Trainee: 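Could you have a look at this structure, given as structure tokens, before my questions?
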Amino acid sequence: MTKNNYFKTNSGYILPVSEKKYLIPFLTGTAKGTKYYEPAPSKDIKAEYLADKVLQFHQFIDIFSSLQIKIKNKSFLDIGTGNGLMPKTLLMSGLMKNVLGSDLYSPYEHESASIPLEKQVFWKYINFIKKNIKKNTLSYVNYKNTVKGTAEKEVFKPEDIFIKKIDLKKLKEYKFKKIGAHNLNSLRKKFDIIYCKGIEHIPNWKLVVKNISYASKKNSYVYLKIRPFYSYLGPHRFATSAIPWGHALLKDHEYKRYVNQFHKNRAKQMISSYFNTVTFPRHTIEELIRFFELSNFSLICQKVETPPFLKQILKFKNSIKNFDKLINKKGKISNSELSSSVQHLVFQKL
């Protein structure tokens with residue numbers, strides 16, 4: 001960072017800059033000896049990683065239970081499955097028996113999939129989830145203290161769910177297809193429930209929704225768990241600026257100028273991450289919902305998580321002169337999107 005503590009936009013607006021004040025306090029801690037923007041080493045499997053995967057599964061079950069949608073005996077597709085822990089847990093718990101994990105890359109094939117190796121994580125995950133299922137019940141209170149994500153901690157608290165046992169024999173039913181979100185039509189199969197955690201990393205949402213439509217049938221459900229780009233930490237840790245909502249306030253060429261001014265030592269990588277690893281072109285949540293509507297889907301549930309540091313960042317927002325004027329120049333970005341950490345969207349095909 002340079003000594004200057006502000007950035008001037010092309011229009012002359014002054015925006016505050018401080019990693020120490022506006023960025024680092026709101027990020028989940030990294031491994032000892034690493035910079036705040038560096039991911040933890042893949043061999044460093046912490047309990048919070050395991051807790052996050054259990055919470056992801058638990059929230060999924062809770063959402064469908066709250067909507068009174070039965071998932072037993074339904075077919076399930078996980079888009080961007082990575083190491084497949086989500087569909088595998090659905091199998092092992094006996095909640096589903098026909099699951100498919102799909103991904104553009106095979107697990108660990110590409111550096112973009114920075115996930116622990118299965119041989120390193122699987123048994124730790126199995127032991128963790130077994131330890132937290134007590135008297136055939138998975139309860140959030142059993143593992144909530146292990147959830148460390150600063151953006152989501154204890155915001156969405158799922159209800160207790162009954163799980164008779166974790167049956168490893170059922171894993172033989174797990175199937176994987178090396179297919180990206182833009183080519184789901186090649187599966188030549190339609191699913192009852194389609195899940196995607198991380199659509200914010202996939203470009204061309206119109207094409208993604210079109211392919212989801214190919215892979216669904218009447219009354220199919222689509223569940224997205226997404227960190228909106230225009231939320232406070234939307235560009236994720238590597239590309240987030242030290243300007244409060246800088247990614248929402250700055251134009252693309254201003255962002256590049258900001259990076260070259262304040263992050264010279266990693267400017268090339270930071271710009272690449274901003275434009276290549278977080279979906280581009282940018283779209284709001286409302287635009288995403290409209291893409292689904294145009295493909296004959298109806299939004300039946302929208303659950304908005306707000307970060308525990310909401311009061312702090314709202315103070316930053318209110319302290320920036322002309323914040324609303326700058327935001328309006330970027331398009332119709334809702335206050336709920338700016339203030340959210342994660343959103344859960346469930347659609348039903350009409």
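Basis for what follows: all heavy atoms, side chains included, without hydrogens, waters or symmetry-related copies. Computed from a predicted structure; not experimentally measured.
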Trainee: Can you name the closest pair of heavy atoms from Tyr140 and His58 and give their distance?
Mentor: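 Looking at all heavy atoms of both residues, the closest pair is N-CE1, 3.7 Å.
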
Trainee: Leu15 versus Thr9: any side-chain heavy-atom pair under 4.5 Å?
Mentor: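 Yes, at least one pair of side-chain atoms sits under 4.5 Å.
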
Trainee: I want to check something: taking the side chain as every heavy atom from C-beta on, are Phe60 and Ile193 in contact at a cut-off of under 4.5 Å?
Mentor: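 Yes, at least one pair of side-chain atoms sits under 4.5 Å.
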
Trainee: So, the side chain of His283 versus the backbone of Phe229: is there a donor-acceptor pair under 3.5 Å, distance only?
Mentor: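 No, because the side chain of His283 does not come within donor-acceptor range (under 3.5 Å) of the backbone of Phe229.
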
Trainee: Are side-chain heavy atoms of Ile129 and Met92 found at a separation under 4.5 Å?
Mentor: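 Side-chain contact under 4.5 Å: no.
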
Trainee: Could you check if a side-chain atom of Asn335 sits within less than 4.5 angstrom of a side-chain atom of Lys317, using non-hydrogen atoms only?
Mentor: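 Counting from C-beta outward, Asn335 and Lys317 do come under 4.5 Å.
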
Trainee: Using the side chain to side chain contact (heavy atoms under 4.5 Å, CB included) criterion, which residues pair with Ser93? Sequence neighbours excluded.
Mentor: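 Result, side chain to side chain contact (heavy atoms under 4.5 Å, CB included) vs Ser93: Phe57, Leu95, Ile163, Ile166.
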
Trainee: Could you tell me whether a side-chain N or O of Ser75 sits under 3.5 Å from a main-chain N or O of Asp192, the two making a donor and an acceptor?
Mentor: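 Yes, Ser75 side chain to Asp192 backbone: donor-acceptor pair under 3.5 Å.
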
Trainee: Going by side-chain hydrogen bond (donor to acceptor under 3.5 Å, both in side chains), name the residues that satisfy it together with His236, two or more places apart in sequence or in a different chain.
Mentor: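 Not a single residue meets the side-chain hydrogen bond (donor to acceptor under 3.5 Å, both in side chains) criterion with His236.
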
Trainee: Between Glu337 (side chain only) and Ile285 (backbone N and O only), is there a donor and an acceptor less than 3.5 Å apart?
Mentor: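 Checking the backbone N and O of Ile285 against the side chain of Glu337, a donor-acceptor pair under 3.5 Å is found.
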
Trainee: Holding to ring pair (Phe, Tyr, Trp, His ring centres under 6.0 Å), I want the full list of residues that pass it with Phe292, two or more places apart in sequence or in another chain.
Mentor: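 So Phe292 forms a ring pair (Phe, Tyr, Trp, His ring centres under 6.0 Å) with Phe297, Phe347.
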
Trainee: Looking at Ser339 and Ser336, would you say the former's side chain and the latter's main chain have a donor-acceptor pair under 3.5 Å?
Mentor: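 No: the side chain of Ser339 does not pair with the backbone of Ser336.
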
Trainee: Got Ile133 and Asn142 here, is their nearest side-chain heavy-atom distance under 4.5 Å?
Mentor: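 No. Closest side-chain heavy atoms not under 4.5 Å.
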
Trainee: With a 3.5 Å distance limit and no angle check, can you tell me whether Arg282 reaches the backbone of Ala248 through a side-chain donor-acceptor pair?
Mentor: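 It does not hold such a pair.
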
Trainee: Is there a donor-acceptor contact under 3.5 Å from the side chain of Ser220 to the main chain of Phe191?
Mentor: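 Yes; at least one donor-acceptor contact below 3.5 Å.
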
Trainee: Name the one of Tyr255, Trp205, Phe275 that satisfies ring pair (Phe, Tyr, Trp, His ring centres under 6.0 Å) with Phe280?
Mentor: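 Testing each of Tyr255, Trp205, Phe275 against Phe280, the sole residue satisfying ring pair (Phe, Tyr, Trp, His ring centres under 6.0 Å) is Phe275.
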
Trainee: Going by distance alone, is a donor N or O of one side chain under 3.5 Å from an acceptor N or O of the other, for Tyr125 and Thr89?
Mentor: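 There is such a pair (donor and acceptor under 3.5 Å, judged by atom type) between the side chains of Tyr125 and Thr89.
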
Trainee: Would the distance check show the side chain of Asn136 and the main-chain N or O of Phe162 forming a donor-acceptor pair, the cut-off being under 3.5 Å?
Mentor: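 Not confirmed, Asn136 side chain does not pair with Phe162 backbone.
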
Trainee: So, does Ser65 use its side chain to make a donor-acceptor pair with the main chain of Asp62 at under 3.5 Å?
Mentor: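 Looks like no, no N/O pair under 3.5 Å.
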
Trainee: For Ser139 and Asp160, which I'm curious about, is there any donor-acceptor pair between the side chains at under 3.5 Å?
Mentor: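 The answer is yes; a qualifying pair exists.
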
Trainee: Can you sort out the partners of Arg290 under salt bridge (Lys or Arg N to Asp or Glu O under 4.0 Å), two or more places apart, ordered by chain and number?
Mentor: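 Partners of Arg290 under the salt bridge (Lys or Arg N to Asp or Glu O under 4.0 Å) test: Glu293.
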
Trainee: How would you list, by chain and number, every residue that makes a side chain to side chain contact (heavy atoms under 4.5 Å, CB included) with Lys197, sequence neighbours excluded?
Mentor: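 Checked Lys197 against side chain to side chain contact (heavy atoms under 4.5 Å, CB included); matches are Gln56, Tyr195, Lys225.
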
Trainee: Please tell me whether Tyr258 and Tyr274 form a close aromatic pair, meaning their ring centres lie under 6.0 Å apart.
Mentor: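 Not under 6.0 Å, so no.
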
Trainee: Quick one: ring pair (Phe, Tyr, Trp, His ring centres under 6.0 Å) partners of Tyr232, sequence neighbours excluded?
Mentor: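 Tyr232 satisfies ring pair (Phe, Tyr, Trp, His ring centres under 6.0 Å) with Phe26, Trp245 once adjacent residues are dropped.
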
Trainee: Any donor and acceptor pair, going by atom type alone, linking the side chain of Lys72 with main-chain N or O of Lys97 inside 3.5 Å?
Mentor: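 Here the side-chain-to-backbone pair does not exist.
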
Trainee: Within the side chain of Ser273, is there an N or O that forms a donor-acceptor pair under 3.5 Å with the backbone of Met270?
Mentor: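 Here the side-chain-to-backbone pair does not exist.
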
Trainee: Should Lys349 and Ser213 be marked as a side-chain hydrogen bond (donor to acceptor under 3.5 Å, both in side chains) after you check the CA-CA gap, both sets of side-chain angles, and the distance that decides it?
Mentor: CA-CA 8 Å; Lys349 192 165 188 180; Ser213 184; 3.2 Å; yes

